[in-house]
Amino acid sequence: MYLTVLVGTTKGVFLLDGDSERREWRLRGPFCGLWPINHVIGEAGTGRLWAAGGGPWQGAGVWRSEDHGGSWTLAKLTRGQADDWAEADPELASRVGYITTPEAPFNTEFEAIGSVSV
């Protein structure tokens, strides 16, 4: 049995995979489009991972991986400064690969998502 340590950072999600003796480790990442990630959690037994974060540039969103970090999908919740920039200069946004998303459901109500302990 292996162990994966989930790490949320200002540069995205990193995964540290350890062997059964916890002697050999492999680093994977960064994932989540280099977004600041405030919280990352996994569902035991399914391989599904969830990450939440964002900031003024990106807006807020929740990332999901169905394959233990192999690929990730973003559910964008709020707009960020990057959205305004892309709308103002769509040609440059296209050249650098910025993909515009539909209107975010919470517009600009908050910048990031995290977790709170009570």
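Hydrogens, waters and symmetry mates are skipped; everything else that's a heavy atom, side chains included, is used. The structure displayed is predicted, hence computed values, not measured ones.
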Next on the checklist: Can you see whether Tyr98 engages Asp83 through a side-chain donor-acceptor pair at a distance of less than 3.5 angstrom?
Outcome noted: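 Judged by distance alone, the side chains do pair up.
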Next on the checklist: Name the residue from Val13, Leu74, Thr9, Val40 that meets the side chain to side chain contact (heavy atoms under 4.5 Å, CB included) definition with Cys32.
Outcome noted: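 Checked Val13, Leu74, Thr9, Val40 against Cys32; only one passes side chain to side chain contact (heavy atoms under 4.5 Å, CB included): Val13.
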Which heavy atom in [X] sits nearest to a heavy atom in [Y], and how many Å separate them?
{"X": "Ser71", "Y": "Ser65", "answer": "O-OG, 2.9 Å"}
{"X": "Gly69", "Y": "Leu15", "answer": "CA-CD1, 4.0 Å"}
{"X": "Asn38", "Y": "Ala112", "answer": "ND2-CB, 3.8 Å"}

Counting C-beta onward and ignoring hydrogens, is there a side-chain heavy-atom pair between [X] and [Y] closer than 4.5 Å?
{"X": "Trp72", "Y": "Leu49", "result": "yes"}
{"X": "Trp63", "Y": "Ile37", "result": "yes"}
{"X": "Phe14", "Y": "Phe31", "result": "no"}
{"X": "Asp84", "Y": "Arg79", "result": "yes"}

Next on the checklist: Glu24: which residues meet the salt bridge (charged side-chain N to carboxylate O under 4.0 Å, His left out) condition with it, sequence neighbours left out?
Outcome noted: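 With sequence neighbours excluded, Glu24 shows a salt bridge (charged side-chain N to carboxylate O under 4.0 Å, His left out) to no residue whatsoever.
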Checklist entry - Quick one: salt bridge (charged side-chain N to carboxylate O under 4.0 Å, His left out) partners of Arg64, sequence neighbours excluded? => result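 Result, salt bridge (charged side-chain N to carboxylate O under 4.0 Å, His left out) vs Arg64: Glu66.
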Next on the checklist: Suppose clustering is done on Ile, Leu, Val, Met, Phe, Trp and Tyr with side-chain heavy atoms closer than 4.5 Å. Which residues sit in the same group as Phe110?
Outcome noted: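 In the cluster with Phe110 are Ile41, Trp50, Val62, Leu77, Phe106, Ile113.
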Item to check | Test side-chain contact (heavy atoms from CB on, under 4.5 Å) applied to Pro90 - qualifying residues, sequence neighbours left out | outcome: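 Counting only residues at least two positions away or on another chain, Pro90 forms no side-chain contact (heavy atoms from CB on, under 4.5 Å).
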Return the [atom1] to [atom2] distance between [X] and [Y], rounded to the nearest 0.5 Å.
{"X": "Leu27", "Y": "Leu16", "atom1": "CG", "atom2": "CG", "result": "5.5 Å"}
{"X": "Trp85", "Y": "Trp57", "atom1": "CH2", "atom2": "CH2", "result": "6.0 Å"}
{"X": "Thr46", "Y": "His68", "atom1": "OG1", "atom2": "NE2", "result": "10.0 Å"}
{"X": "Arg95", "Y": "Asp89", "atom1": "CZ", "atom2": "CG", "result": "7.5 Å"}

Return yes if some donor-acceptor pair links the side-chain N/O of [X] with the main-chain N/O of [Y] below 3.5 Å, else return no.
{"X": "Thr78", "Y": "Ala60", "answer": "yes"}
{"X": "Ser115", "Y": "His39", "answer": "no"}
{"X": "Lys76", "Y": "Gln58", "answer": "yes"}

Item to check | Test side-chain hydrogen bond (donor to acceptor under 3.5 Å, both in side chains) applied to Glu109 - qualifying residues, sequence neighbours left out | outcome: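 If we apply the side-chain hydrogen bond (donor to acceptor under 3.5 Å, both in side chains) test to Glu109, skipping adjacent residues, there are no hits.
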Next on the checklist: Which residues pass the side-chain hydrogen bond (donor to acceptor under 3.5 Å, both in side chains) test with Thr73, not counting sequence neighbours?
Outcome noted: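 For Thr73 there are no side-chain hydrogen bond (donor to acceptor under 3.5 Å, both in side chains) partners, ignoring immediate neighbours.
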